**Q** 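So that we are looking at the same thing, I have put the structure below in structure tokens.
Owing to the predicted nature of the structure, the values given are computational and were not obtained by experimental measurement.
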Amino acid sequence: IKGTGVNQYAMMNHADAKSIGHMKSWEKFRIKDAGSNKVALHNSNHQRFLRMSDSTFDTSGKKGVDQLPGGWTWERFQVVQAVAAMAPGRMVGLY
């Protein structure tokens, strides 16, 4: 996940999430179908999901990619078109 405004990648660092200027294994996420037109982002290196609350951007407790609990809402994202003038799939946002 790259923030184009700051040209940084989202990075998972054990139980934390932060941004960094390059992409290695901590910056790679598997997209998991989370149901109801939502996705979850899982890092297999740390066995955690990326999550966003009202005030923070961090990681879940340890879970395998196929172990997303039904009640976890902070780990679910809706993919939205970020720029209306661009073709779908070229630039997206997570809501």
Side-chain angles (χ1 to χ4, degrees):
I1 300 171
K2 184 175 185 180
T4 56
V6 293
N7 201 30
Q8 297 283 303
Y9 291 93
M11 169 184 146
M12 186 171 291
N13 182 8
H14 303 289
D16 193 13
K18 52 180 86 169
S19 64
I20 192 167
H22 58 79
M23 188 169 73
K24 293 188 178 177
S25 63
W26 289 6
E27 297 82 35
K28 294 179 182 177
F29 299 91
R30 177 180 286 172
I31 298 171
K32 167 83 175 153
D33 183 351
S36 300
N37 294 319
K38 300 209 169 141
V39 297
L41 303 169
H42 185 265
N43 179 280
S44 59
N45 195 46
H46 293 291
Q47 291 296 304
R48 297 174 187 269
F49 289 94
L50 195 61
R51 68 181 180 186
M52 185 184 300
S53 71
D54 292 337
S55 60
T56 61
F57 189 53
D58 64 4
T59 69
S60 71
K62 285 193 170 191
K63 292 284 183 188
V65 68
D66 293 322
Q67 297 176 323
L68 180 66
W72 283 13
T73 58
W74 291 356
E75 293 79 5
R76 288 171 162 78
F77 298 90
Q78 180 178 348
V79 178
V80 297
Q81 187 175 344
V83 180
M86 293 185 112
R90 305 272 324 263
M91 183 181 293
V92 299
L94 300 173
Y95 175 74

**Q** For Lys63, is there any backbone N or O sitting under 3.5 Å from a side-chain donor or acceptor partner on His42?
**A**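 Yes; judged by distance alone, with no hydrogens or angles, the pair exists.
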**Q** Please determine whether side-chain contact (heavy atoms from CB on, under 4.5 Å) holds for the pair Asp58 and Arg51, giving the CA-CA distance in whole Å, both sets of side-chain angles, and the decisive distance to 0.1 Å.
**A** CA-CA 6 Å; Asp58 64 4; Arg51 68 181 180 186; 2.7 Å; yes
**Q** Of all residues at least two apart in sequence or in a different chain, which pass the side-chain contact (heavy atoms from CB on, under 4.5 Å) check with Lys62?
**A**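 With neighbours one apart ignored, the set is Arg48.
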**Q** Tell me the closest heavy-atom pair linking Leu68 and Phe49, and the distance in Å.
**A**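 Of all heavy-atom pairs spanning Leu68 and Phe49, the closest is CB-CZ, 3.8 Å.
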**Q** Does Arg76 use its side chain to pair, donor to acceptor, with the backbone of Lys38 at less than 3.5 Å?
**A**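 Between the backbone of Lys38 and the side chain of Arg76 there is no qualifying donor-acceptor contact (under 3.5 Å).
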**Q** Verify the cluster assignment for Trp74 and Ile31: are they in a single hydrophobic cluster under the rule of side-chain heavy atoms below 4.5 Å apart?
**A**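 No; Ile31 is not reachable from Trp74 via cluster members.
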**Q** Which atom names give the shortest non-hydrogen contact between Ala40 and Ala34, and what distance separates them?
**A**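 In this case the closest contact between Ala40 and Ala34 is N-CB, 4.0 Å.
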**Q** Nearest heavy-atom pair of Ser44 and Gln47: which atoms, and what distance?
**A**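 Closest pair (atom of Ser44, atom of Gln47, distance): O-NE2, 3.0 Å.
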**Q** Under the side-chain contact (heavy atoms from CB on, under 4.5 Å) rule, what do Leu41 and Glu75 come out as? Steps first, then yes or no, please.
**A** CA-CA 7 Å; Leu41 303 169; Glu75 293 79 5; over 6 Å; no
**Q** Considering residues, nucleotides and ligands other than Trp72, do more than 12 of their heavy atoms fall under 6.0 Å from its CH2?
**A**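 Yes, because the 6.0 Å sphere around CH2 of Trp72 holds more than 12 heavy atoms from other groups.
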**Q** If hydrophobic clusters are built by linking Ile, Leu, Val, Met, Phe, Trp and Tyr wherever their side-chain heavy atoms come under 4.5 Å apart, do Val65 and Leu50 end up in the same one?
**A**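 No, no single cluster joins them.
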